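One structure is given below, encoded as structure tokens.
These numbers come from a predicted model, not from an experiment.
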Amino acid sequence: MKNHLLIMRFSALGDVAMTVPVVWSLAKQYPDLRITVLSRGFARTLFDGLATNVSFMEADFKHENKGIHGLNVLFRRLKAKNFTHVADLHDVLRSKYLRMRFDLSMTRVEHIDKHRRERRKLTAQSDKRILKPIPTAFSNYAQVFEKLGYPVNIDFSSIFADSDSIFSLLPEPLGRKGEGERWVGIAPFAAHMGKMLPTEKVEKIVERLCSRADTRVMVFCGGQEERKTADRWSSQWQNCTNASALVTSLKQEIAIMSQLNVMLSMDSANMHLASLAGTPVVSVWGATHPFAGFMGWNQKADDAVQRDMPCRPCSIFGNKPCLRGDYACLSDIDGETIIRNIENYL
């Protein structure tokens, strides 16, 4: 009987996206290993078709798998799959409960080391003279597989196997990139204020890029208010497009990202989605810091735009209120620095 590995990661889109390079590499290097990824429904598109030995299972924590009763229902489904190994890449209450059940059933289980002590030290408001990087999420994930007996060399480049699969996904109204044309992605939004440039600063960058005759700007956004901003920019400048308004799936959005010369993104999920397409990303960091281990896969440290300040980083996830009250770590970033980094790819 083949070994069957269960991988659990339930978090936000960006965190789940960061598992993809590691899971892909694992699947390619151990073709006889069956792999099942358990996550929220939105993540299915990241793993469907990733490799022939990778499958996906959805956890519905809002309904069917809500609470202890729901977790027990989920465990019975999982138990029926006869997993031989379990990798908990999340280490939260839900995954801890499930791995405890697997432990009791004598299944081999390992879990991620989140380096919580090092995280607290990195974001402490004292003794920031020397910042030390924490191991990346990718190396943390790989370490779990190594503990299970599957050491992995991460050699991922893109979620798309060939260009034909990309072109078939591109929305028809978008068309294909013209000869000599440059496409720049702009993903200016994030879940928390501590991770977002002021909108007026982004708007000036968009205007500057749109002034280039050979450049087309693609804006990526999510919520209704964000879409209003993207629609306003696309109506204001002829060569600016609200890319997210053209797509009907996450896979389509990543396909557009694969055609970009470069993406400008905050420390957000879009940085990781563009990385899965093999696209270079100029990333902006405010309350958070690349040293926390969440830089996009294969991205250059020189493309991380940030200000050295005695108070930053103050947060691992950017969800804490600004200690100064003015988010100077973002508002004081020089837009010219960002544009120079972008133009390096144009």
Side-chain angles (χ1 to χ4, degrees), residues 2-40 43-44 46-47 50-51 53-59 61 71 74-75 77-79 81-120 122 133-156 159 269 272 275-276 290-298 316-317:
K2 285 185 178 181
N3 283 347
H4 193 178
L5 169 65
L6 172 67
I7 298 172
M8 299 188 292
R9 179 78 208 206
F10 309 132
S11 191
L13 177 57
D15 297 313
V16 178
M18 291 183 81
T19 68
V20 172
V22 193
V23 174
W24 182 91
S25 302
L26 180 75
K28 295 297 181 182
Q29 289 161 34
Y30 298 95
D32 290 333
L33 175 66
R34 290 179 63 198
I35 300 169
T36 297
V37 177
L38 176 69
S39 189
R40 298 175 189 269
R44 180 181 295 276
L46 298 176
F47 298 97
L50 186 68
N53 53 333
V54 175
S55 58
F56 182 85
M57 283 183 68
E58 179 178 348
F61 295 126
L71 286 175
L74 177 58
F75 177 74
R77 280 180 58 209
L78 296 170
K79 186 62 180 166
K81 298 286 185 180
N82 295 315
F83 293 108
T84 56
H85 299 71
V86 175
D88 177 4
L89 303 186
H90 203 172
D91 193 34
V92 292
L93 285 175
R94 289 188 180 108
S95 65
K96 286 178 180 179
Y97 180 78
L98 290 172
R99 80 174 192 242
M100 178 268 291
R101 294 293 307 270
F102 277 111
D103 263 333
L104 293 174
S105 66
M106 305 301 289
T107 305
R108 188 170 177 185
V109 180
E110 294 290 350
H111 68 277
I112 190 172
D113 179 358
K114 289 188 171 180
H115 302 278
R116 289 184 172 94
R117 182 180 176 186
E118 290 87 348
R119 286 181 178 184
R120 287 193 294 270
L122 184 68
I134 298 171
T136 68
F138 307 107
S139 63
N140 291 338
Y141 296 153
Q143 186 183 51
V144 178
F145 299 135
E146 185 172 0
K147 289 178 184 176
L148 288 170
Y150 293 99
V152 59
N153 173 41
I154 311 173
D155 57 357
F156 174 86
I159 199 171
H272 300 296
S275 299
L276 295 187
F291 278 9
F294 295 107
M295 184 74 139
W297 171 250
N298 236 5
I316 295 296
F317 305 111

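- Residues I7 and V23 have side chains in contact (heavy-atom distance under 4.5 Å, counting atoms from C-beta outward).
- By the 4.5 Å heavy-atom criterion applied to side chains, L78 and M57 are counted as neighbours.
- Side-chain contact between F47 and V16 is present, with heavy atoms from C-beta onward closer than 4.5 Å.
- One N or O on the side chain of R119 and one on the backbone of K114 form a donor-acceptor pair closer than 3.5 Å.
- Among residues two or more places apart in sequence or in another chain, the side chain to side chain donor-acceptor pair (under 3.5 Å) test is passed with H4 by T36.
- Environment of CZ in R34: sparse, with no more than 12 heavy atoms of neighbouring residues, nucleotides or ligands closer than 6.0 Å.
- Between L74 and L38 the shortest side-chain heavy-atom distance falls below 4.5 Å.
- Within the 4.5 Å cutoff, no side-chain heavy atoms of L50 are placed close to those of F56.
- Under the ring pair (Phe, Tyr, Trp, His ring centres under 6.0 Å) test applied with H85, the options F102, Y150, Y30 reduce to a single match, Y150.
- Although no hydrogens or angles enter the test, the distance criterion places a donor-acceptor pair under 3.5 Å between the side chain of Q29 and the main chain of N153.
- In this structure, the side chains of F317 and F294 come closer than 4.5 Å at one or more pairs of heavy atoms.
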Report task. Give the intermediate values and the outcome of side chain to side chain contact (heavy atoms under 4.5 Å, CB included) for residues S105 and K79. Result -> CA-CA 9 Å; S105 66; K79 186 62 180 166; 3.3 Å; yes

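- Judged purely by atom type and a 3.5 angstrom limit, R9 has no side-chain atom pairing as donor or acceptor with the backbone of H90.
- Side-chain atoms of W297 come within 3.5 Å of backbone atoms of F156 as a donor-acceptor pair (strictly under, hydrogens ignored).
- Residues L122 and P133 are not in side-chain contact: their nearest non-hydrogen atoms beyond the backbone lie 4.5 Å or more apart.
- Distance alone, capped at 3.5 Å, is enough to place a donor-acceptor pair between the N53 side chain and the A27 backbone.
- Ion pairing between a basic and an acidic side chain is recognised when a charged N comes within 4.0 Å of a carboxylate O; R116 and D91 show such pairing.
- Relative to the six-membered ring of F61, R94 meets both conditions, a distance below 6.0 Å and an angle of at most 45° to the axis.
- N140 places no side-chain N or O within 3.5 Å of a backbone atom of H115 that could act as its donor or acceptor partner.
- When side chains are defined from C-beta on, D155 counts as touching W24, because their heavy atoms get closer than 4.5 Å.
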